[in-house]
Amino acid sequence: MLRSASAGDESAWRWLVRRYAGRVYALAKSRCGSADVADEIVQSVFATAAVKLRAGEYAERGRFEPWLFRVTMNRLRDEMRRVRRQATPTDPIAMRDLSLASPDARPGHAELSSLDRLRRALHELSPQDREIIELRHHGGLSFNQLSELLDEPLGTLLARHHRALKKLQAILSPHGRDRADEEHDS
Amino acid sequence: MTNNTPRGTPTPRGTPTPADSNPRLEPDLRALELQLDQLALAERDSAPRSLILAVEASGPDAADAPIPIQFVSRRSRWSVVHAALAAGVLVAATLGVVWLATGGRGSTDPRPLQTPGGGVAVTTPSHAPASQDAMLDAIVAVIAMENDSLASEIDRLLSETVRLADGLEASYETPGLEG
């Protein structure tokens with residue numbers, strides 16, 4: 001399919017987009033918390049893929065998914081660096097995102113659906129814990145693919161994933177934050 | 001499709017399957033994992049259709065398609081709207097200043113007047129002073145820094161206006177009175 005897409009087969013390219021664009025979007029949206037930024041990242045990632053395929057520069061035989069998500073993570077890091085540089089965003093959409101991220105703007109616990117609670121709990125995890133959960137679930141990567149992408153042994157990744165889930169579970173419990181902190185300290 | 005999955009890997013997780021779960025997980029964590037998969041599916045489904053279509057249209061075969069894709073983000077759209085509003089206010093303010101400086105409505109229009117001797121004279125409309133031209137040029141230059149295409153459009157409109165004014169002036173001139 002990749003060969004066909006490189007050769008200009010439109011249906012092959014559409015297949016690739018439909019298979020991966022949603023996963024790249026979900027990962028980007030969860031990591032940066034903004035649908036607009038996620039839009040831009042998806043476009044940028046697939047633009048890179050199109051250029052590499054067109055130029056015949058894609059050489060990662062059999063490892064397309066880790067490669068695609070590596071490109072995604074690099075774009076996300078660039079975006080986060082850019083956001084950090086802009087200390088006072090004046091863009092109305094950026095302001096809205098900022099207000100949503102602010103603890104004062106959070107609705108009450110009871111008002112949130114279980115998925116909303118889960119989404120918010122994810123944002124309370126450390127960046128390392130979030131990374132493994134989001135790559136695994138939003139990106140939909142297998143542990144072997146994660147091992148390749150993050151360059152870590154499979155056993156380490158399984159342990160990291162287990163630890164991250166435990167912390168997430170603790171955050172979601174009634175005395176969430178305190179328990180999560182205790183687990184983090186221990 | 002080539003097989004992208006390394007040997008021994010469980011089912012790829014494009015669609016979550018319990019078979020590819022972390023074997024170390026206790027049942028309650030497994031349930032949490034399933035909830036995370038639901039959240040991930042909801043996020044994937046929230047990807048805008050227009051985005052997917054735009055990405056599909058930008059494939060490797062899109063001959064010399066400009067990359068990134070021809071898709072203006074909402075953030076960029078806001079910048080364009082702000083630039084357009086700023087330009088509109090500047091132009092309106094300039095026109096107001098020009099109008100006031102020339103003494104209000106109609107004073108720049110050429111008017112045929114009856115002379116005491118019974119002939120017809122034409123008042124010569126004064127062209128905008130050089131300072132006003134300079135002001136307009138400066139405004140266009142400022143807009144050009146924000147948005148090239150908008151600036152060239154305003155420039156074109158100003159030229160059209162000047163041409164129209166010249167045409168009006170010519171139409172009021174009476175050839176018989178010259179000389």
Side-chain angles (χ1 to χ4, degrees), chain A residues 1-3 5-6 8-10 13-15 17-19 21-23 25-26 29-30 35-36 38-40 42-44 46-47 50-51 53-54 61-65 91-94 114-115 118-119 122 133 136-145 148 158-159 161-162 165-166 168-169 172, chain B residues 1-16 20-26 28-33 35-48 50-63 65-69 71 73-76 78-79 82:
Chain A
M1 198 61 84
L2 283 171
R3 254 198 307 276
S6 314
D9 181 342
E10 270 184 46
W13 173 254
R14 275 202 300 273
W15 185 90
V17 172
R18 285 183 188 164
R19 185 174 170 91
R23 290 161 63 180
Y25 179 84
K29 192 176 165 197
S30 182
D36 292 333
D39 268 18
E40 286 172 19
V42 170
Q43 291 177 60
S44 169
F46 279 90
V51 168
L53 289 174
R54 189 190 303 164
R61 298 264 166 247
R63 293 190 295 269
F64 181 70
E65 284 183 49
D91 183 317
I93 293 170
S114 61
L115 287 188
L118 190 55
R119 194 179 284 121
L122 262 179
I133 295 242
R136 165 84 179 146
H137 297 276
H138 294 73
L141 295 173
S142 71
F143 283 107
N144 278 343
Q145 288 171 331
E148 202 168 310
L158 289 171
H161 181 248
H162 183 265
L165 282 181
K166 285 289 268 187
L168 191 61
Q169 189 187 40
L172 286 165
Chain B
M1 177 69 185
T2 54
N3 182 11
N4 297 324
T5 312
R7 190 180 297 242
T9 305
T11 316
R13 302 196 80 255
T15 310
D20 183 31
S21 187
N22 185 342
R24 301 181 183 189
L25 298 184
E26 299 88 347
D28 52 344
L29 289 185
R30 227 175 264 286
L32 180 58
E33 205 188 22
Q35 263 188 298
L36 281 166
D37 283 335
Q38 279 177 2
L39 174 65
L41 281 177
E43 300 286 31
R44 288 177 203 177
D45 290 346
S46 72
S50 57
L51 170 68
I52 305 295
L53 290 175
V55 176
E56 279 181 3
S58 68
D61 58 316
I67 286 175
I69 303 141
F71 181 91
S73 75
R74 268 173 265 178
R75 289 196 303 173
S76 308
W78 270 109
S79 308
H82 286 160

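We name chains A, B, ... by the order of the sequence lines, and we start the count at 1 in each one.
The backbone N or O of B:Val55 sits less than 3.5 Å from a side-chain atom of A:Trp13, completing a donor-acceptor pair.
To the nearest 0.5 Å, atom CG of residue A:Leu165 and atom CG of residue B:Leu32 are 5.5 Å apart. Interatomic distance, A:Arg14 CZ to B:Ile52 CD1, rounded to the nearest 0.5 Å: 13.0 Å. Between atom OH of residue A:Tyr25 and atom CG of residue B:Asp45 there is a gap of 11.0 Å, rounded to the nearest 0.5 Å. Taking CD of B:Gln35 as the reference point, atom CG of A:Leu115 lies at 7.0 Å (rounded to 0.5 Å). In this structure, CG in B:Leu25 is found 8.5 Å from CG in A:Leu158, a value given to the nearest 0.5 Å. Distance check, rounded to the nearest 0.5 Å: CD1 of A:Ile133 to CG of B:Leu36 gives 5.5 Å.
B:Glu43 approaches A:Ala26 most closely through the heavy-atom pair CB-CB, 3.6 Å. The minimum heavy-atom distance linking B:Arg44 with A:Gly139 is given by the pair NH2-C, 4.2 Å. Of all heavy-atom pairs spanning A:Leu122 and B:Leu39, the tightest one is CD1-CD2, 4.0 Å.
Using a 4.5 Å cut-off between heavy atoms, B:Asp28 contacts chain A through both its backbone and its side chain.
A:His138 is linked by a ring-ring contact (aromatic ring centres under 6.0 Å, His included) to nothing, counting only residues two or more places apart in sequence or in another chain.
In this structure, B:Leu29 and A:Leu168 have side chains that are not in contact, with every pair of non-hydrogen atoms separated by 4.5 Å or more.
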